[in-house]
Amino acid sequence: MKKNITAIIALLLAGGVASAQDDVYPAPEYKGLSFITNATIHVGNGQVINNGTIKINNGKIEQVGTNIPIPVDDVRVYNAAGKQVYPGMILPDTDLGLKEISSGVRGSNDFRELGDWNTSVRSIVAYNTDSRIINTLKANGILLASVSPQGGLLTGTSSVVQLDAWNWEDAAYQLDGALHLNFPSLLQRRGRFGGGGMQGQNDPIKEALARVEAVKQFFREAKAYLAEKTHAETNLRFESLRPLFEKKQKLFVHAGIVKEMLVAIDFAKEFGVDVVIVGGSESYQIADLLRENNIAVILSPMHNLPTLEDDDVDQPYKTPAILQKAGVLFAINDDHGESRYRNLPFNAGTAAAYGLTKEEALQSVTLNPAKILGIADRTGTLEVGKDANIVISAGDLLDMRTSLVTDVFIQGRKVSLENKQTQLYERYKKKYGIK
């Protein structure tokens, strides 16, 4: 009797889980020729081709231009007349696939580890390709994302994934490209009565600087360890820094204010590593210094208030144009908040309204993040030899009013744009007899 009850419960649970899943499957690999024709093509490097054609061969872009001949047999042709064609957008720093419901449901989250020195943690192995957030991003033209761990000072390595996959092995686009450092905050908070803090409290700046020194000491010990040819015991935390010191990996320093970024620049000089600033809300103040030190910036989501009370309320909107003018390589990002990363193109559109050209704004979510992440040889623009990561929109992709993504290709595969929201839309259209 107990066995029968257990079996019934198991079947009910299995049925509940199955019905809870979206009926959306990754597209199969397509071998052969396909063409996108009659399109306005935004190449992603500033070039725009009117009435253009893209030839795709086995998932790679083979030709881009006008008057490209199209064979009659054994090809797929997508007529994009009256539509805009763009490179797939890239989220440069996310917890996508690691955090589903950010608060209240612990079982849906696997993005944070305990302790300060998590250099051997790899976010890719925890990436959940069944996240319901993923399909909503494809429907907004976001095709790639860098997935980053959190927790402690050194949080582990991030990897880039493509957003149409059965499992993390299929999704992996670039493995362990960056190590992440949560920089201790050097922001002096005002106390209740306008001072630097309440009497009797510890000095937060002094404590933060002590933690910065602890990170430096950790790196010094790791460098000394890696300089030795043999070891009595293997130190996995130190071994995990080897790609960073060999410049096969970048150090993503999460820092916002000028004081933090200045220390990060000093950090890059001392240890000879490639540093990228993540956040950089005050990066506009030291744009020339960032350019001189070849430090790129992944900007915080722009639809936020500025960091400091004395900043212009629209400063986040203006910062991209300042960095562009100074020659700083930068990318625009979105966050997990209410939009669940879907507002990435509209953040770029806001930057276009505050000083960037439309093509520069497009680069900030396509080519620029590809350069920062080290994948620009494969994606970021619609150029010959690159993966066919392509978005077709009936309107302006960066404009919330007119953007309407109609077709998406990832590595040449035409992927589904269906998601939980579109399924609910169709469900209730049917219920109420709406055509």
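What you see is a predicted model, and the numbers here were worked out from it, not measured in a lab.
Relative ring orientation between Tyr225 and His231 is described as parallel, the plane-to-plane angle staying below 30° on a 0-90° scale split at 30° and 60°. Using the six-membered ring where Trp is involved, Phe219 and Phe271 have ring planes that are tilted, between 30° and 60° apart.
Using a 4.5 Å cut-off on side-chain heavy atoms (C-beta onward), Ile265 and Ile295 make contact. Contact annotation: the side chain of Leu226 approaches that of Glu239 to within less than 4.5 Å [non-hydrogen atoms, C-beta and beyond]. Within the 4.5 Å cutoff, side-chain heavy atoms of Ser283 are placed close to those of Leu299. Using a 4.5 Å cut-off on side-chain heavy atoms (C-beta onward), Val64 and Ile49 make contact. When side chains are defined from C-beta on, Val121 does not count as touching Thr119, because their heavy atoms never get closer than 4.5 Å. Val43 places a side-chain heavy atom less than 4.5 Å from the side chain of Ile41. Using a 4.5 Å heavy-atom cutoff, the side chains of Arg122 and Leu175 are in contact. Using a 4.5 Å cut-off on side-chain heavy atoms (C-beta onward), Thr307 and Ile257 make contact.
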Q. Going through the distances and angles, do Leu251 and Leu181 end up as a side chain to side chain contact (heavy atoms under 4.5 Å, CB included)?
A. CA-CA 7 Å; Leu251 181 66; Leu181 168 61; 4.1 Å; yes

Q: Could you give me the CA-CA distance, side-chain angles and deciding distance for Leu143 and Met89, then say whether side chain to side chain contact (heavy atoms under 4.5 Å, CB included) is met?
A: CA-CA 6 Å; Leu143 309 188; Met89 289 181 288; over 6 Å; no

Q: Could you check Lys31 against Glu29 for salt bridge (charged side-chain N to carboxylate O under 4.0 Å, His left out), going step by step and ending with a plain yes or no?
A: CA-CA 7 Å; Lys31 293 288 188 181; Glu29 184 179 13; 3.2 Å; yes

Q: Kindly indicate, with the supporting measurements, whether the criterion salt bridge (charged side-chain N to carboxylate O under 4.0 Å, His left out) is fulfilled by Asp164 and Lys138.
A: CA-CA 9 Å; Asp164 191 65; Lys138 288 186 290 185; 3.0 Å; yes

Q: Take Thr402 and Asp399 through the side chain to side chain donor-acceptor pair (under 3.5 Å) test and state the conclusion after the steps.
A: CA-CA 6 Å; Thr402 62; Asp399 180 7; 3.2 Å; yes

(Q) Between Arg340 and Asp335, is the salt bridge (charged side-chain N to carboxylate O under 4.0 Å, His left out) condition met? List the steps. (A) CA-CA 6 Å; Arg340 300 295 193 271; Asp335 61 15; over 6 Å; no

Q: With side chain to side chain contact (heavy atoms under 4.5 Å, CB included) as the test, would you mind laying out the steps for Asn293 and Lys269 before giving the verdict?
A: CA-CA 9 Å; Asn293 287 277; Lys269 290 178 178 179; 3.1 Å; yes

(Q) Let's go through Lys325 and Asp288 carefully: what are the C-alpha distance in whole Å and the side-chain angles of both, what is the deciding distance for salt bridge (charged side-chain N to carboxylate O under 4.0 Å, His left out) to 0.1 Å, and is it a yes or a no? (A) CA-CA 10 Å; Lys325 185 177 180 180; Asp288 291 338; over 6 Å; no

**Q.** side chain to side chain contact (heavy atoms under 4.5 Å, CB included) assessment of Glu260 paired with Phe183
**A.** CA-CA 7 Å; Glu260 295 166 359; Phe183 206 88; 3.9 Å; yes

(Q) Checking Thr379 against Asp387 for the side chain to side chain donor-acceptor pair (under 3.5 Å) test, could you report, in this order, the C-alpha distance in whole Å, the side-chain angles of both residues, the deciding distance, and whether it holds? (A) CA-CA 6 Å; Thr379 191; Asp387 288 342; over 6 Å; no

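Between the Thr94 side chain and the Leu96 main chain, a donor and an acceptor come within less than 3.5 Å of each other. With hydrogens and angles disregarded, no donor-acceptor distance shorter than 3.5 Å links the side chain of Asp312 to the backbone of Gln315. In this structure a side-chain-to-backbone donor-acceptor pair under 3.5 Å is missing from Asn347 to Pro301.
Defined by atom type and a distance below 3.5 Å, a donor-acceptor pair is missing between the side-chain atoms of Tyr425 and Asn419. Donor-acceptor pairing under 3.5 Å is recorded for the side chains of Lys386 and Thr381. When only modelled atom types and interatomic distance are considered, His180 and Thr157 share no side-chain donor-acceptor pair under 3.5 Å. A donor-acceptor contact closer than 3.5 angstrom is absent between the side chains of Lys60 and Asn57.
Among all heavy-atom pairs drawn from Pro87 and Leu382, the shortest one is CA-CD2, 3.7 Å. Between Ser185 and Ala208, the closest heavy-atom pair is O-CB, 3.2 Å.
A salt bridge does not link Glu221 with Lys216: none of the charged nitrogens is closer than 4.0 Å to a carboxylate oxygen. Here Glu282 does not pair with Lys259 in a salt bridge; the nearest charged N to carboxylate O distance is not below 4.0 Å. Taking a cutoff of 4.0 Å between a charged side-chain nitrogen and a carboxylate oxygen, Asp396 and Arg401 do not qualify as a salt bridge.
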Name each donor-acceptor pair under 3.5 Å that joins a side chain in residues 366-378 to protein atoms two or more places apart or in another chain, with its distance.
from	atom 1	to	atom 2	distance (Å)
Thr366	OG1	Leu362	O	2.7
Asn368	ND2	Phe330	O	2.8
Arg378	NH1	Tyr173	O	2.6

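When the shell of 6.0 Å around CG of Asn304 is examined, it contains more than 12 heavy atoms from other residues, nucleotides or ligands.
The CD1 atom of Ile390 lies 11.0 Å from the CD1 atom of Ile410; values are rounded to the nearest 0.5 Å.
Remark: of the listed residues Leu154, Asn118, Thr155, Thr155 is the sole one forming a side chain to side chain contact (heavy atoms under 4.5 Å, CB included) with Pro149. Across Lys250, Lys248, Lys247, a single residue satisfies side chain to side chain donor-acceptor pair (under 3.5 Å) together with Asp274, and that is Lys247.
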